[in-house]
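Here the structure comes first, spelled out in C-alpha cells, and everything after it is commentary.
Convention: sequence-line order gives letters A, B, ...; per-chain numbering from 1. No experiment lies behind these values; they were computed from the predicted model shown. The basis for the numbers below is simple: all heavy atoms, side chains too, and nothing from hydrogens, waters or symmetry mates.
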2 protein chains.
Amino acid sequence: MAERVRIVDVASLAGVSTATVSRALSAPETVGPATRKKVMEAVRTTGYRINSAARDLRQRRARSILILAPNLSNTFFSRIFAAIQEEAGAVGLTVQISDSRIGRDKLVSLGYDGRADGIVLLDGNIDPEVVNGWNLPLVQLSEWNESYDAPRLVFDNPAAARLAVDHLADLGHRALLHVSGPAENVLAETRRAGFLEAAAARAVSAEVFDGDFTLAAGAEAARRWAGLAERPTGVFCASDECALGFISECGRLGVSVPRDVSVIGFDDIDFADHFLPALTTIRQPREEMGRQAARMIVAMLEGQGAAAGATGAPIAPELVVRGTTLPACPAAARSEAAAEG
Amino acid sequence: MAERVRIVDVASLAGVSTATVSRALSAPETVGPATRKKVMEAVRTTGYRINSAARDLRQRRARSILILAPNLSNTFFSRIFAAIQEEAGAVGLTVQISDSRIGRDKLVSLGYDGRADGIVLLDGNIDPEVVNGWNLPLVQLSEWNESYDAPRLVFDNPAAARLAVDHLADLGHRALLHVSGPAENVLAETRRAGFLEAAAARAVSAEVFDGDFTLAAGAEAARRWAGLAERPTGVFCASDECALGFISECGRLGVSVPRDVSVIGFDDIDFADHFLPALTTIRQPREEMGRQAARMIVAMLEGQGAAAGATGAPIAPELVVRGTTLPACPAAARSEAAAEG
DNA sequence: TGGTGTGTTGAAATCGATTACATCAAAGCG
DNA sequence: CGCTTTGATGTAATCGATTTCAACACACCA
C-alpha cells in the first residue's frame, strides 16, 4: 500500500515544476533534452502513473467509450465486443459495457455523467428522446432506429433475406417458412420484409412464424411446423441460434435435416460450421463490424462530429452453403400424400 | 449542444451554496426539508447531472471495476460478463472490459491509473509481479494462480473430472481419452490431473491428447483418435467447444457418437443442450460465478480489504447426462477385432 | 440569564492533473 | 550593440465536485 505518487513528487525529485513534468510526458518535444531525461528518470524511480480522474476533469473528456447492448450474454455480441475493445484499446480508450435494458433514468445518466465520451449502440429500441438527448458522439451498430440522429453501420438485411430465399428457391423449394425475430425489432422486421418480398419475386409460397432469435424459439417453431398439414420444405431462420434450435427439435421429432427439410440460418456464429449437419447460413462479419464501428467512433472523437452524416453503405451479406440445405426432393415432399394414397 | 450544467448553476438557481446542493443530493437527511425541496426543484429544471470525473477525483475512487479476460470473444465468458455487469450496475458501479493479453506496460497501468477501483481477473497467466503490484481489490475467477495474493472463486475441476470418469466407467468404458487444454493453463492442468487420478482409481486405461479448448482442437483430436489402433471408447473433453468439435469431426469420419464412442464435455454452454445429439457434460454455473465474484469485489470495495482471505470452497460440479454417452457395447468395441478374425 | 447542544448552512480548501500566461535566457539580425 | 524572436520553464488558474471547519440560529436546561 505505497502512497500514491503524484506529479508533484516527480517534479520535486527531478527539480522541475509540475508543468514541465506534464509536458515531458504528453509533449516531449516541448522540453529540453536534458530536462526530459531528468523527468523520465524521476518517473521511473518513483513509479509514477498518471491519475486519470484528474486529467479527465481538466481535459473534459474520459478517454472511454461505452458499448450498450440489449443482452450482454448473447453470443452474437461477444466477438463484436472483442473487436471494439481491441480497436479502441489501441488508441488508448477504455471500453465500458452495459446492458441497455436498465432503467430509463440510468440510461439518461450514461450520456451525461462524463464517464464516456462516445457510445456504440447496439439497441434500436431505446426511447429516441433519451438517445438524442445525449450529446455525445454515437454510432449505431447492427440494430438501428430511424429516429436516432446518429450515423449507423448496418448489415444489409433485405439483401441477406433475398440471398436465403433465392438459394432455397434455386434448390427447388416451392413453400418457404421464415422464423422471425421479435416484432418490434428492426433486424427482424427487415429480414421478414426481405423474405416476403423475395418470396413473392420468386413466386414461392411464404409463411412466417414469430420468434425471438433464441434456441428455444427455434425449437418451438419446429413443433409448430411439424403440426402443419402442408409443411414448407425450406426454412429460413432469423438467427443461427434459432436455426439450430429448429434443427435440434426436428431431430427429436424424427424429422431429418436436410433430407426432409432444408434450413438456413443467419449470422454464421462459430458453431454453425461445427454443428451436425453444418449449418447453411448468411454470414455477418461481426469482427469487421465491431472494428469499423470503433473506428467511426474514434474518428468522431477526434474530428469532433466530422462523421456526423457518415452513414455509409450497408455491409454486404454472404451466403455460406453447408450441410442443412439440399435440393427439394419431390418424392420426399409428397411422401405423406403418397402414404395416404 | 447545451452548455453543461454545473453544480454552481444549480446552487445559484436554488439560492444556496454548492455545498448544500452536494449534500442535498448525496445525504438528503442533512439538509432542511425546505432547502432540499428547492434544490431538487433546481436540479430538475436545470437537468443537472453530476460530473463523475470531478467527484471521482475528490473522492479518490472511480466507481468502476475492470474485468480482465484472456479472450473476450470466448462464448464461455459472455454470460459471466453479463452477470457481473448486472450485479455491479445495481450498486452503481461501471464495468470496463479488457483483453488481458495486451502489453505488460498497459497491464501495469490498469491497476494504477485510477480508472478502476477493483478488478475481476479471469486469467491465471499474467506475471504475478504485475498482478501483485496492483494495489487494488482483486478477485480471481475461474482461472487462478497460486502466486497471486488475492482471494479466488474457482470451480472444483478435480471433482468435475472425477464425475466424468466415474460416469464413463460406470457405463462400462475401460479405455478413456482426455482431450486437454493448453499445458500452461491451470484449468487444463487440474482437469487433466483429476482425470488421470480418477482413471487410476477406477483402474481404467487413460490417455491424454493436448488441445486448447477450441472447436478446432476437438476436431484435430478426433482425427488423431480415429487413427489409433485401439480406440478408447470414452472421451472426456476439457471444454464443450472441444467436445462439439470432436463429435462434429467424428460425423465427418463416419464414426457415430454415442454408438461408437461416448463423449463428455465441460462447461455446459447454451448449445450443449441443442446439439445433435445433446451433449453430456459437466455444468459450470457461469452466471452464479459471475454474480458471486461481483459481490466479492463489492464487499472488498466497501469493507476495504475485509474479504482478503475469503477464498471459500470451490464451486461444486454437476454432471448433466444427455445424449452423447451410452453404455460401452462390447460387440461394437470389438467390432474391428471381429472383422479381422 | 447564560451555557451547551443540535441542526443548517456557507466559505474555502482540496483532489491531481493541464495549460494560459509570464518570464527569462540565448540566439538571430540589421 | 540593441531589438526582436524563439525556446524552455515556472507560476498560478482551472476543471467540478466533496468536505472540513466555522458560523449562526434556535432550543433546551439548570
Side-chain angles (χ1 to χ4, degrees), chain A residues 2-43 46-64 92 94 109 111-117, chain B residues 2-40 42-43 46-64 92 94 109 112-117:
Chain A
E3 281 300 307
R4 273 196 63 81
V5 179
R6 299 184 317 284
I7 200 170
V8 291
D9 303 321
V10 176
S12 72
L13 179 60
V16 298
S17 72
T18 64
T20 300
V21 175
S22 177
R23 281 187 288 247
L25 290 173
S26 57
E29 71 282 4
T30 65
V31 309
T35 317
R36 181 161 60 227
K37 216 178 133 195
K38 269 191 307 183
V39 172
M40 291 313 186
E41 183 58 29
V43 166
T46 55
Y48 171 74
R49 301 273 163 176
I50 203 167
N51 176 315
S52 19
R55 182 231 259 142
D56 290 351
L57 173 58
R58 179 63 229 243
Q59 297 191 327
R60 296 143 151 279
R61 63 208 201 107
R63 285 184 159 73
S64 182
T94 279
S109 286
Y112 278 106
D113 65 4
R115 305 180 74 122
D117 29 35
Chain B
E3 282 299 307
R4 273 196 62 83
V5 179
R6 299 183 319 284
I7 201 172
V8 292
D9 303 321
V10 176
S12 72
L13 179 61
V16 298
S17 73
T18 63
T20 300
V21 175
S22 177
R23 282 187 288 248
L25 291 172
S26 56
E29 71 282 4
T30 65
V31 310
T35 318
R36 181 161 60 228
K37 215 178 133 196
K38 270 191 308 185
V39 171
M40 292 311 185
V43 166
T46 54
Y48 171 73
R49 300 273 162 176
I50 204 168
N51 177 316
S52 18
R55 184 232 259 141
D56 290 351
L57 172 58
R58 180 62 229 242
Q59 298 191 328
R60 295 141 150 278
R61 54 174 178 157
R63 283 184 161 73
S64 182
T94 279
S109 285
Y112 278 105
D113 64 4
R115 306 180 76 124
D117 28 37

Quiz item: Which sits closer to the 5' end of DNA chain D, A:T18 or B:R55, going by the nucleotide each is nearest to?
Solution: A:T18
Exercise. Take atom CG of B:L57 and atom P of D:dT14, then tell me their distance rounded to the nearest Å.
Key: 17 Å
Quiz prompt | Donor-acceptor pair, side chain of B:T18 and main chain of B:I7, under 3.5 angstrom | solution = no
Practice problem: Would you mind reading off the distance between B:R4 atom CZ and D:dA17 atom P, rounded to a whole angstrom? | Solution: 7 Å
Exercise. Would you jot down, in residue-number order, the residues of residues 27-36 of chain B having a non-hydrogen atom under 4.0 Å from DNA chain D?
Key: none
Self-check item: Position toward the 5' end of DNA chain D (nearest nucleotide), A:R23 or B:V21
Solution: A:R23
Quiz item: salt bridge (Lys or Arg N to Asp or Glu O under 4.0 Å): which pairs involve residues 6-15 of chain B, sequence neighbours left out?
Solution: B:R6-B:D9
Exercise. Would you mind listing every salt bridge (Lys or Arg N to Asp or Glu O under 4.0 Å) that reaches into residues 50-62 of chain A, with sequence neighbours excluded?
Key: none
Self-check item: Whole-Å gap separating C1' (C:dT14) and CG (A:N51)
Solution: 13 Å
Quiz item: Do A:R58 side-chain and D:dG16 base share a donor-acceptor contact under 3.5 Å?
Solution: no
Quiz item: Stepwise, does the side chain to side chain contact (heavy atoms under 4.5 Å, CB included) test hold for B:L13 with B:T46?
Solution: CA-CA 9 Å; B:L13 179 61; B:T46 54; 3.7 Å; yes
Quiz prompt | Nucleotide nearest A:S17 (side chain, heavy atoms from C-beta), chosen from D:dG16, D:dG10, C:dG10 | solution = D:dG10
Practice problem: Return the nearest nucleotide to the side chain of B:R60; candidates are C:dG16, C:dG10, C:dT18. | Solution: C:dG16
Exercise. Can you tell me the distance, in whole Å, between the CG atom of A:D56 and the C1' atom of C:dC15?
Key: 14 Å
Exercise. Consider the side chain of B:A54, meaning its heavy atoms from C-beta on, and name the nucleotide among D:dT9, C:dA17, D:dG16 that approaches it most closely.
Key: D:dG16
Self-check item: Residue B:V16, side-chain atoms from C-beta onward, closest of D:dG10, D:dA17, C:dG10
Solution: C:dG10
Exercise. Ignoring backbone atoms, test whether A:Q59 places a side-chain nitrogen or oxygen under 4.0 Å from the OP1 or OP2 oxygen of D:dC15.
Key: no
Practice problem: Whole angstrom is fine here: how far is it from CD1 in A:I7 over to P in C:dT19? | Solution: 11 Å
Quiz item: Between D:dC15 atom C1' and B:R6 atom CZ, what is the distance in whole Å?
Solution: 10 Å
Quiz prompt | side-chain hydrogen bond (donor to acceptor under 3.5 Å, both in side chains) involving A:R49 - partner list, sequence neighbours excluded | solution = B:S109
Self-check item: Nucleotide nearest A:S22 when distance is taken to its side chain, options D:dG16, C:dT18, D:dT19
Solution: C:dT18
Quiz item: A:I50 has an atom CD1; how far is it from atom C1' of C:dT19, in whole Å?
Solution: 13 Å
Distance-only donor-acceptor pairs under 3.5 Å for side chains of residues 24-31 of chain B, two or more places apart:
residue : atom : partner : partner atom : Å
B:S26   : OG   : B:S22   : O            : 2.9
B:T30   : OG1  : B:A27   : O            : 2.8

Quiz prompt | Residue pairs passing the salt bridge (Lys or Arg N to Asp or Glu O under 4.0 Å) test where at least one lies in residues 34-43 of chain A, sequence neighbours excluded | solution = A:E41-A:R44
Quiz item: Is a side-chain donor or acceptor of A:R63 paired with a backbone partner of A:A116 at a separation under 3.5 angstrom?
Solution: no
Quiz item: Whole-Å distance between C:dA17 P and B:D113 CG?
Solution: 12 Å
Quiz item: Are OP1 or OP2 of C:dA17 and a side-chain N or O of A:Y48 less than 4.0 angstrom apart?
Solution: yes
